[in-house]
2 protein chains.
Amino acid sequence: MTAPRAEIARAEVMCRERGVRLTDQRRRVLEILCAAGRPVGAYEIMDAMREGPRVVAPPTVYRALEFLLEQGLIHKIESLHAFVGCDHPEHPHSSEFLICLECGDVAELKDDAVERSLASVTRESGFLPRRRVVEVMGICARCARKEECARKEEADRVRGLVD
Amino acid sequence: MTAPRAEIARAEVMCRERGVRLTDQRRRVLEILCAAGRPVGAYEIMDAMREGPRVVAPPTVYRALEFLLEQGLIHKIESLHAFVGCDHPEHPHSSEFLICLECGDVAELKDDAVERSLASVTRESGFLPRRRVVEVMGICARCARKEECARKEEADRVRGLVD
DNA sequence: GGACGACATGATATCTTATAACGTGCCGAC
DNA sequence: GTCGGCACGTTATAAGATATCATGTCGTCC
């Protein structure tokens with residue numbers, strides 16, 4: 001995860017170049033997402049935005065999210081109804097995710113083999129793609145290792161009892 | 001779209017073979033989805049199920065949907081919060097969809113190049129996939145042709161006015 | 001045949017996610 | 001200075017999903 005600071009700075013530059021405004025609300029939402037480094041739901045973002053007596057209603061959050069999505073600064077994870085900061089917003093790209101069912105961690109794929117194969121399939125059928133949603137749920141390498149260890153220990157334990 | 005009848009018959013056989021029960025409610029939901037031939041939301045299904053004074057509550061629908069998903073008889077389209085009957089439930093498969101933003105039509109991809117490239121990417125990173133969500137939104141071939149025609153006619157019209 | 005257990009459904013309430021609709025304030029262009 | 005566009009505030013509500021507990025159905029084992 002890049003430091004939120006750096007991400008915000010990048011976003012500022014990009015917005016200025018494009019002549020769009022990264023307002024306080026929008027920046028705040030982006031900060032929250034970048035700081036979290038994991039998928040965050042709209043209502044959770046809303047809660048994070050209310051510091052003190054400040055009231056923030058759903059439309060405010062959703063508007064900011066819509067803007068950030070349009071600018072490619074964040075992504076929506078459809079299968080989680082949640083949002084994440086984009087790892088590399090500087091060049092437009094596909095958004096493909098590996099989502100760990102165990103720890104909730106989300107990795108953004110950089111590989112474009114998937115993208116290419118999808119492109120060729122759609123082209124063949126005369127379909128004009130606009131937006132792609134590619135999300136793979138499963139167990140991340142780290143959790144898989146952990147589970148493997150746990151299984152081994154369990155086996156050892158049982159063997160010990162039997163012996 | 002296969003005739004709903006045929007789909008239901010297939011489902012009956014599959015469930016019997018697996019020793020699970022395709023109950024009335026479950027069959028009804030499957031029928032509705034197959035007959036629609038397009039993505040249908042849970043609440044729309046619920047409405048379709050209430051014929052006459054019959055009351056059907058959300059959990060009933062969701063339970064039936066859960067069962068049908070488990071059995072691979074239907075798919076969920078995450079980006080639409082809707083469900084569709086599966087085109088070829090007889091063999092387990094990936095579910096990849098082309099969703100037309102214009103006419104709402106959904107095509108289930110049969111190609112497995114996408115599947116393979118996704119599999120290789122995940123394998124490399126040690127990720128163990130469980131469920132894949134691949135949904136491409138865009139304009140289907142038919143709507144693209146229609147738009148093309150409309151554009152041409154418009155151009156002709158304008159030329160006519162200018163000449 | 002009757003008791004039991006597993007599974008399926010009914011019913012109520014509630015939670016989460018998302019959007020509609022309308023009003024206000026800021027700011028730059030002309 | 002006013003007009004128009006954009007961002008935001010505010011209220012209400014739509015749309016999607018689940019928790020919880022009660023009831024019913026059906027096969028099986030005795």
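Within every chain, numbering begins at 1; the chains are lettered A, B, ... in the order of the sequence lines, protein sequences first and strands thereafter.
- Here Arg28(A) pairs with Glu31(A) in a salt bridge; the nearest charged N to carboxylate O distance falls below 4.0 Å.
- Regarding Met46(B), its CE atom lies at a distance of 13 Å from the P atom of dG10(C), rounded to whole Å.
- Take the nearest nucleotide of DNA chain C for Thr23(B) and for Leu80(A): the residue whose nucleotide is more 5' is Thr23(B).
- Arg132(B) and Glu115(B) are joined by a salt bridge, as a carboxylate oxygen and a charged side-chain nitrogen come within less than 4.0 angstrom of each other.
- Projected onto DNA chain D by closest heavy-atom contact, Thr60(A) and Glu44(B) fall at different nucleotides, the more 5' of which corresponds to Thr60(A).
- Per the geometry, CG belonging to Leu65(B) stands 15 Å off P belonging to dA8(C), to the nearest Å.
- Atom CG in Leu69(A) sits about 15 Å away from atom C1' in dT19(C), given to the nearest Å.
- Straight-line distance from the CZ atom of Arg26(A) to the P atom of dG9(D): 11 Å, rounded to whole Å.
- One can place CD of Glu78(B) at 11 Å from P of dA18(C), the figure rounded to the nearest angstrom.
- The phosphate of dA15(D) has neither OP1 nor OP2 within less than 4.0 Å of any side-chain N or O from His81(B).
- Heavy-atom minimum distance, Ser79(B) versus Glu78(A): CA-OE1, 3.7 Å.
- Note on Arg63(A): a base of the nucleic acid sits closer than 4.0 angstrom, heavy atoms only.
- Leu68(B) has its CG atom 10 Å from the P atom of dT9(C), to the nearest Å.
- Here dT9(C) presents its P atom at 10 Å from CG of Leu22(B), a figure rounded to the nearest Å.
- Checking dC26(D), dT11(D), dA17(D) against every side-chain atom of Arg21(B), the shortest atom distance belongs to dC26(D).
- Of the candidate nucleotides dT10(D), dT19(C), dG16(D), dG16(D) has the atom lying nearest to any side-chain atom of Tyr43(B).
- Looking at the side chain of Gln25(B), the nearest of the listed nucleotides dC8(D), dA17(D), dT9(C) is dT9(C).
- Ring-base stacking between Tyr62(B) and dT18(D) is not satisfied when judged by a centre separation under 5.5 Å and a plane angle under 30°.
- Salt bridge Glu12(A)/Arg27(A): present, at least one basic N to carboxylate O contact under 4.0 Å.
- Side-chain proximity of Lys76(B) to dA17(D), dA7(D), dA18(C): nearest is dA17(D).
- Per the geometry, CZ belonging to Arg50(B) stands 12 Å off P belonging to dG10(C), to the nearest Å.
- For the side-chain contact (heavy atoms from CB on, under 4.5 Å) with Arg18(B), the lone residue among Met14(B), Arg16(B), Arg21(B) that qualifies is Met14(B).
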